Amino acid sequence: MAPPASATTFLRALKAEGLDVVEVGDWAGHNRNHKGPWGPVHGVMIHHTVTKGSARTVDICRKGYSGLPGPLCHGVITKDGRVHLVGYGRANHAGSGDDDVLRAVIGEKALPVDNEANTDGNRYFYGFECENLGDGKDPWPAAQLEAIEKAAAALCRYHGWNEESVIGHLEWQPGKIDPRGFTMSAMRARVAKRLGSKPGTGGGSSSGGTYTVRKGDTLWAIARAHRTTVPVLVDLNDLRDPSRLAVGQRLKVPGAATATYTVTRGDTLWSIAASKLGDGNRWREIASLNKLRDADAITPGQKLKLPAK
């Protein structure tokens with residue numbers, strides 16, 4: 001179960017991946033939550049808009065059409081590579097799709113053919129609409145394709161997903177053809193390569209270092225603390241069973257902490273995570289990164305490593 005990121009964390013994740021983000025109006029409070037649940041989220045869905053012109057495209061995706069109110073996605077990726085945030089929460093983008101596809105996304109497995117429309121996708125997916133006519137002739141500029149790659153990777157990185165959590169609308173709902181003009185298999189390959197890197201960089205592993213497993217650690221928590229993914233750690237360490245870690249086991253990690261913090265009187269790991277990382281729930285990452293056996297036993301003057309924002 002993956003609760004959606006907060007709007008603030010969503011924005012931060014996109015920016016950390018090196019994206020040029022435009023905030024449109026009160027995007028963080030613009031949603032269709034009164035029509036149904038939002039979350040848990042399981043993946044990222046990519047669409048094309050069948051429109052021309054960035055301003056018009058963004059306006060349509062924010063407001064919607066007659067009979068299909070906006071927002072029609074969370075972010076609009078225009079041809080110049082910018083991501084325009086138009087809504088956050090439940091959005092009218094995915095529609096009904098195949099429950100077998102959803103199970104494959106959750107299991108990060110190869111997708112079956114979508115032949116049913118029996119599951120509410122607006123609940124389970126982040127959605128990005130991409131400015132394109134969808135006629136197979138309208139070009140996809142390199143900057144736009146890179147932005148799609150970065151946006152998908154940013155959310156995969158945040159949730160600890162791999163590239164199999166990124167799908168196209170045409171893979172979800174029977175009869176849909178979007179995105180048209182590039183293949184989702186090629187885009188997933190790009191995302192996989194990027195997930196082997198630190199945010200804001202190209203593909204390939206960073207020099208990184210090692211991490212010693214302590215009691216209570218999970219591979220997911222270690223991956224998140226080091227701003228990487230479970231599949232990357234599995235591959236880097238040749239792990240046969242990612243669910244079985246041994247206390248004292250040394251793992252290669254592709255990323256490292258980027259800052260330190262000196263504890264002051266009254267601090268808690270939660271308050272440090274909230275003030276320095278923007279999300280108090282990330283206190284576990286600080287505990288994991290600093291090998292703290294007792295998360296409550298921090299003292300003034302103690303220096304803590306902080307994971308990347």
Side-chain angles (χ1 to χ4, degrees), residues 31-32 35-39 41-53 56-79 83-84 86-87 89-141 144-145 147-149 151-152 155-156 161 163-191:
N31 56 57
R32 302 287 296 166
K35 289 294 185 179
W38 161 234
V41 287
H42 298 300
V44 181
M45 190 174 294
I46 307 300
H47 308 256
H48 67 228
T49 60
V50 199
T51 59
K52 185 177 183 180
R56 176 172 177 266
T57 296
V58 171
D59 190 58
I60 289 173
C61 289
R62 185 176 193 279
K63 296 178 180 177
Y65 301 92
S66 175
L68 187 66
L72 303 184
C73 59
H74 301 111
V76 183
I77 302 178
T78 48
K79 284 186 177 291
V83 180
H84 304 254
V86 296
R90 185 180 177 88
N92 278 331
H93 74 99
S96 296
D98 196 318
D99 60 341
D100 293 327
V101 173
L102 180 62
R103 281 190 286 270
V105 172
I106 294 172
E108 297 184 320
K109 300 176 181 178
L111 299 178
V113 175
D114 54 322
N115 56 17
E116 296 179 291
N118 58 9
T119 301
D120 174 18
N122 294 334
R123 173 180 184 176
Y124 295 118
F125 289 94
Y126 296 102
F128 290 94
E129 287 279 359
C130 306
E131 179 193 354
N132 193 275
L133 291 174
D135 58 3
K137 299 177 182 178
D138 194 11
W140 291 88
Q144 188 179 29
L145 290 173
I148 297 169
E149 170 196 326
L155 293 171
C156 287
W161 298 332
E163 73 281 0
E164 299 295 343
S165 296
V166 183
I167 69 172
H169 198 195
L170 77 171
E171 296 174 307
W172 169 248
Q173 190 177 81
K176 295 297 181 179
I177 64 169
D178 55 313
R180 187 178 182 190
F182 64 88
T183 67
M184 285 308 301
S185 59
M187 182 54 66
R188 280 189 284 270
R190 292 178 63 142
V191 172

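Just so you know, residue 1 is the first one in the sequence shown, and it goes up from there. Values reported hereafter were calculated over all heavy atoms of this structure, with side chains retained and with hydrogens, waters and symmetry mates removed. Since the structure is predicted, the reported quantities are computational estimates derived from the model, not experimental observations.
D178 contributes atom CG, which lies 6.5 Å from atom NE2 of H47 (distance to the nearest 0.5 angstrom). The distance from atom CD of E108 to atom CD of E163, rounded to the nearest 0.5 Å, is 8.0 Å.
Using a cut-off of 4.0 Å between Lys/Arg side-chain N and Asp/Glu carboxylate O, D120 and K35 are scored as not salt-bridged.
Among all heavy-atom pairs drawn from C73 and V86, the shortest one is O-CG2, 3.6 Å. Scanning all heavy atoms of the two residues, the minimum distance from L133 to D138 falls at N-OD2, 2.9 Å.
Counting only heavy atoms from C-beta outward, the side chains of P174 and E116 never approach each other to under 4.5 Å. Side chains of S165 and H42 form no contact here, defined as non-hydrogen atoms less than 4.5 Å apart. In this structure the side chain of I148 reaches within 4.5 angstrom of the side chain of M187, judged on heavy atoms. Residues F125 and H169 fail the side-chain proximity criterion, which asks for heavy atoms closer than 4.5 Å. Between L170 and P179, the closest side-chain pair of non-hydrogen atoms falls below 4.5 Å. W172 places none of its side-chain heavy atoms less than 4.5 Å from the side chain of D114. When side chains are defined from C-beta on, F128 does not count as touching V166, because their heavy atoms never get closer than 4.5 Å. Contact of the R188 side chain with the L111 side chain is registered, since non-hydrogen atoms from C-beta on lie closer than 4.5 Å.
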Next on the checklist: Set out, in order, the CA-CA distance, both residues' side-chain angles and the distance that settles side-chain hydrogen bond (donor to acceptor under 3.5 Å, both in side chains) for Q144 and T78, then state yes or no.
Outcome noted: CA-CA 7 Å; Q144 188 179 29; T78 48; over 6 Å; no
Item to check | Derivation and outcome, salt bridge (Lys or Arg N to Asp or Glu O under 4.0 Å), residues K52 and D135 | outcome: CA-CA 12 Å; K52 185 177 183 180; D135 58 3; over 6 Å; no
Item to check | Residue pair I60, T49: steps toward the side chain to side chain contact (heavy atoms under 4.5 Å, CB included) verdict | outcome: CA-CA 9 Å; I60 289 173; T49 60; over 6 Å; no
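The backbone N or O of L72 lies less than 3.5 Å from no partner atom in the side chain of N92, so there is not a single donor-acceptor pair.
Under the rule for a salt bridge (Lys or Arg N to Asp or Glu O under 4.0 Å), the partners of D59 that lie at least two apart in sequence or sit in another chain are K63. Among residues two or more places apart in sequence or in another chain, the salt bridge (Lys or Arg N to Asp or Glu O under 4.0 Å) test is passed with D100 by R103. With sequence neighbours excluded, no residue forms a salt bridge (Lys or Arg N to Asp or Glu O under 4.0 Å) with R32.
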